[in-house]
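Before any comments, here is the structure.
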Number of protein chains: 2
Amino acid sequence: MSSRTDPRTADMADAGHDQATPARLRSLPSRLLSLTALHADRLVSEGLAGADARKWHYAVLVTLREFGPASQAVLSRRTGIYRSDLVAVINELADRGLVERAPDPADRRRNVITMTSQGRRRLGRLDELLATIQDDLLAPLTQPERDQLTRLLTRLLDHHAQAAPQRTGDQPS
Amino acid sequence: MSSRTDPRTADMADAGHDQATPARLRSLPSRLLSLTALHADRLVSEGLAGADARKWHYAVLVTLREFGPASQAVLSRRTGIYRSDLVAVINELADRGLVERAPDPADRRRNVITMTSQGRRRLGRLDELLATIQDDLLAPLTQPERDQLTRLLTRLLDHHAQAAPQRTGDQPS
DNA sequence: CACTAACGTTCGTGGCGCTAACGAAAGTAC
DNA sequence: GTACTTTCGTTAGCGCCACGAACGTTAGTG
């Protein structure tokens, strides 16, 4: 251990703890949330990157499967991705042939986004990938504990969903 | 809801609520974590901003109180703030007279960061502020539930603390 | 017809986690 | 003592993300 540390092995990756974090910080719920979310995001991003995808891609594809073709504005509201950011996401998905962007003849302001059969296949694989990632993320927890965590987080989220919504034209999470 | 079987006619303008998020997304643990963390971070940032502080400030002050004066490198490891970012944080704290930065006579590479009495007083107020923020964040949960959440997150964090650390010179969370 | 609102798009901002590099000052090593 | 290596503080920069402003276009509404 580092009690008798050998500092010469420069790659300090050695023993675990260089220094301790104050208890006050370690038990701060907001901090715990942020750090855990960071790890989660990293796991997801890295996992999906291996499949040439990003989490936004998955969100959009899932939404298309569950609700069918939709305009970008609708997709934005359903996924929580801002309209401005969604443009690039749709571009990427279209470039990969996973969705098609076509002008809506009934309302020429809109684009109708439709999932292709290739997109459906890809989504299937992403489903599995995502599942294993979640499993990896929640590895140390039993199934009841995972459910409990999900319930707790959902309640927090629902509770805080009320207030905020004074927006200008976009929709948050 | 969109019981209207005619999705093309701008059905979203009608009802107050916008659109539903797919179940698959709503129950994704990684997503729940990210969104909850987003809300938490926002609460913390806004709350602290009202007191002319940022979360980094709090982290550093707490660490100084718990372990006493330390070099920036040590503070970096204990708080998880990168050395490069810590520079600005210490500047801000010093500008406000909450800490003092003095060269270490024993090792002239280091700066010794010391909390001032004013810093101690400020930290007291931030403690209270942070407490109310946590309370706000966890409002919908009972005390046992809050404890449970904290435990679950801590376990996730501890578990994922093993792997990652292939660092170059800095220390993450 | 004028007014308003929604849509897709572009550009920009600020914060955050993280890396790279560099001079200065130790800590070894021979 | 000279040479190599490591640590320290600092600066600059990247990439991602949540978010907002503005604009031209198109639809609805009075």
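Since this is a predicted model, take the numbers as computed values, not measurements. In what follows, every chain begins at residue 1, and chains take the letters A, B, ... in the order their sequences are listed. Worth knowing before you read on, the calculation uses all heavy atoms, side chains too, and leaves out hydrogens, waters and symmetry mates.
B:Arg83 has no side-chain polar atom (N or O) that falls below the 4.0 Å cut-off from OP1 or OP2 of D:dT11.
At a threshold of 4.0 Å, the pair A:Arg31-B:Asp41 does not count as salt-bridged, since none of the basic side-chain nitrogens sits closer than that to a carboxylate oxygen. The existence of a salt bridge linking A:Asp158 and A:Arg155 is excluded, since no basic side-chain nitrogen approaches an acidic carboxylate oxygen closer than 4.0 Å.
Where A:Pro105 and A:Trp56 meet DNA chain D, the nucleotide closest to each residue was compared, and A:Trp56 sits on the side nearer the 5' end.
B:Leu153 is listed as a side-chain neighbour of B:Leu33, based on a closest heavy-atom distance under 4.5 Å.
Not a single donor-acceptor contact under 3.5 angstrom links the side-chain atoms of B:Asp107 to the base of D:dC8. Contact annotation: side chain of B:Ser84 to base of D:dG9, donor-acceptor pair absent below 3.5 Å.
Closest approach to the A:Asn111 side chain among D:dA18, C:dG8, C:dG17 is made by C:dG8 (side chain taken as heavy atoms from C-beta onward). For A:Ala73, counting side-chain heavy atoms from C-beta on, the closest listed nucleotide (C:dC7, D:dT11, D:dC17) is C:dC7. The listed nucleotides are C:dA26, C:dC16, C:dT9; the one nearest the side chain of B:Arg108 is C:dA26. In this structure, the nucleotide among C:dC18, C:dC7, C:dC16 sitting nearest to the side chain of A:Arg42 is C:dC18. In this structure, the nucleotide among D:dT7, C:dA6, C:dT10 sitting nearest to the side chain of B:Arg109 is D:dT7. Comparing C:dT9, D:dT10, D:dC19 against the side chain of B:Arg101 picks out D:dT10 as the nearest.
In this structure, A:Asn91 places its CG atom 12 Å from C1' of C:dT10, rounding to the nearest Å. We find that CZ of A:Arg110 is positioned 12 Å from C1' of C:dA5, with the value rounded to whole Å. Atom CD1 in B:Ile90 sits roughly 11 Å away from atom C1' in D:dG9 (whole-Å rounding). Protein atom OH of A:Tyr82 is 8 Å distant from nucleotide atom C1' of D:dG20, rounded to whole Å. Counting to the nearest Å, the P atom of C:dC7 and the CD1 atom of A:Ile81 are 16 Å from each other. Rounded to an integer number of Å, the gap from CG of B:Asp41 to C1' of C:dG17 is 12 Å. The nearest whole Å value for the distance from the CG atom in B:Asp104 to the P atom in D:dC8 is 11 Å. Here C:dC16 presents its P atom at 14 Å from CG of B:Leu86, a figure rounded to the nearest Å.
When heavy atoms are screened at a 4.0 angstrom cut-off, B:Ser71 is found touching the sugar-phosphate backbone but no base atom.
Taking CG from A:Leu123 and OH from A:Tyr58, the interatomic distance works out to 6.0 Å, rounded to the nearest 0.5 Å.
Under the side-chain contact (heavy atoms from CB on, under 4.5 Å) test applied with A:Leu75, the options A:Asn111, A:Ile81, A:Val99, A:Ile90 reduce to a single match, A:Ile90.
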